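In what follows, a structure is listed as structure tokens, so that the remarks can point back to it.
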Amino acid sequence: MSFCPTGCHDDQSKTIMTNPIKFRMAGFAVIVCASLFLAGCKSSSKTFTLTGRVISKQPDTQQLIIDNDDIPGFMSAMTMPYTVKDPDGFQRVQPKDVIRADVVEDRPGKFWLEHVTVTGIAAARSPAQGSAPKILAVGETVPDVPLVNQDGKTLRFAQFKGKVVLLTFIYTRCPFPDYCPLLSRQFAAIQKELAKNPDDYSGTHLVSVSLDPAYDKPKVMREYGLSYLDHDPKGFEHWDFVSTTPADLQKLAESFGLTYYEDSGLISHAMNTILLAGDGTVADTWPDSEWRVSDVLDVVRRTSTSGK
């Protein structure tokens, strides 16, 4: 016989006894669901093992240019920049070191290195691969190499005398969203903001230099440029998409400390955005893609105004 408080029927007793169980089960289910949800969030990132040889270091961007071996499930063997989220490891590593590290991929095109360790020393590299190019200092003049734009016209930086020029390096086939496409989107945003003020627009110019001159011919550059200009060709009056000869490209890129290598149809490269004053000298630089459009716009406008 089961005990029941005074005035309680058997079915009421069952209800009283089972409700706490239901509540506990419901709470348990919520905890299980939350745990599974959190586990799913954590598992969204993937980790791969990288081995390779360090070509150069980019302290300003906390990047290593690495000639990596094949990384199964992530990337074939190639030379490219990697951001390092391991300050101690970054400090220890030097060019020519053979390293091992974890590649953490948060989402497609967004990845970095952790747990970097040195496992040996690579054979000596040629100066072109292993040496760090000299970076122009603020106030120094940019090399006035000939550039061919999206319309097949030859340009030189000297033609923009009196205007503030913002330039960066991209290539049209870049597959990584946080590299060339991001820089081009940022430039497109700057283009639109400058166009809102006639004085800003007339006193400035944008230039995107291709790191892949063998493929990025004028027709290709024009099609690429239109995709960032809302398909309005009038935008080319203020933003040129240019290429040059391999020798002049190397000369220009090296003057800004920008390294790049061709590997299996891709261009592995560091990033740099440069502001030239109206006299063709370096006014400022942003050696990565993490800068904010509003911050760069402020510097562009301030430099343009000070030169008048």
Side-chain angles (χ1 to χ4, degrees), residues 60-61 133 135-151 153-172 174 179-195 200-213 216 218 221-222 224-225 228-229 235-245 248-260 267 269-291 293 295-304 307:
D60 291 337
T61 60
I135 302 175
L136 289 177
V138 171
E140 294 185 323
T141 303
V142 63
D144 195 26
V145 300
L147 308 166
V148 179
N149 73 1
Q150 69 284 333
D151 297 320
K153 296 180 180 179
T154 299
L155 307 175
R156 288 181 177 272
F157 289 114
Q159 293 178 225
F160 303 115
K161 186 176 181 179
K163 292 188 177 184
V164 169
V165 177
L166 187 68
L167 71 104
T168 197
F169 295 82
I170 53 92
Y171 75 105
T172 64
C174 178
Y179 280 75
C180 304
L182 174 58
L183 288 173
S184 294
R185 290 195 302 272
Q186 290 171 315
F187 265 49
I190 289 173
Q191 170 92 345
K192 290 179 179 179
E193 287 299 314
L194 292 174
D200 287 345
Y201 203 68
S202 62
T204 58
H205 201 84
L206 307 184
V207 178
S208 292
V209 183
S210 172
L211 293 168
D212 189 12
D216 286 340
M221 295 295 278
R222 184 177 181 82
Y224 179 83
Y228 289 97
L229 290 169
F236 290 130
E237 297 174 0
H238 186 262
W239 185 1
D240 278 295
F241 295 78
V242 304
S243 61
T244 187
T245 65
D248 283 336
L249 174 60
Q250 183 176 2
K251 181 179 180 180
L252 184 62
E254 285 185 350
S255 69
F256 301 118
L258 189 146
T259 55
Y260 63 98
I267 307 295
H269 64 94
M271 291 179 286
N272 207 343
T273 297
I274 304 97
L275 182 65
L276 303 181
D279 60 358
T281 60
V282 176
D284 210 332
T285 61
W286 294 268
D288 53 39
S289 63
E290 300 298 322
W291 48 266
V293 168
D295 293 340
V296 173
L297 270 170
D298 287 343
V299 178
V300 169
R301 287 168 172 154
R302 188 163 60 248
T303 305
S304 179

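Since we're looking at a predicted model, the values are computed, not measured.
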Does a side chain donor of either T281 or D279 reach within less than 3.5 Å of an acceptor in the other side chain?
-> yes
T172 side chain to D216 side chain, donor-acceptor N/O pair below 3.5 angstrom = yes
Taking the side chain as every heavy atom from C-beta outward, state whether [X] and [Y] have any atom pair closer than 4.5 Å.
X    : Y    : answer
T168 : V209 : no
H269 : Y171 : yes
L166 : I190 : yes
L275 : W286 : yes
F256 : V142 : yes

Determine whether a donor-acceptor pair (N or O, by modelled atom type, separation under 3.5 Å) exists between the side chain of [X] and the backbone of [Y].
X    : Y    : answer
T303 : A277 : no
N272 : L258 : no
E193 : A188 : no
S184 : P181 : no
S208 : L167 : no
E254 : K251 : no
Q150 : D240 : no

Please name the pair of heavy atoms, one in [X] and one in [Y], separated by the smallest distance, quoted to 0.1 Å.
X    : Y    : value
P143 : L252 : O-CD1, 4.1 Å
S210 : M221 : CB-CE, 3.8 Å
Q191 : G235 : NE2-O, 3.3 Å
T285 : V282 : CG2-CG1, 3.9 Å
P218 : N149 : CB-O, 3.6 Å

Distance from [X] atom [atom1] to [Y] atom [atom2], nearest 0.5 Å?
X    : Y    : atom1 : atom2 : result
L147 : D248 : CG    : CG    : 8.0 Å
C180 : R185 : SG    : CZ    : 11.0 Å
F169 : L211 : CZ    : CG    : 6.5 Å
T204 : L276 : OG1   : CG    : 12.5 Å
I267 : D212 : CD1   : CG    : 4.5 Å

V242 and side-chain contact (heavy atoms from CB on, under 4.5 Å): which partner among V148, T154, V207?
-> V207
Candidates R302, R301, K163, K192 - the one meeting salt bridge (Lys or Arg N to Asp or Glu O under 4.0 Å) with D200 = R301
Test M271 against Y179 for side chain to side chain contact (heavy atoms under 4.5 Å, CB included), laying out the working first.
-> CA-CA 8 Å; M271 291 179 286; Y179 280 75; 3.7 Å; yes
Got a salt bridge between R222 and D151, using NZ or NE/NH1/NH2 to carboxylate O under 4.0 Å?
-> yes
Taking it one step at a time, do W239 and F187 satisfy side chain to side chain contact (heavy atoms under 4.5 Å, CB included)?
-> CA-CA 9 Å; W239 185 1; F187 265 49; 3.5 Å; yes
Check whether the ring centres of H238 and Y201 lie less than 6.0 Å apart, and answer yes or no.
-> yes
Look at the rings of F241 and F236 and say which category their plane angle falls in: under 30° parallel, 30 to 60° tilted, over 60° perpendicular.
-> perpendicular
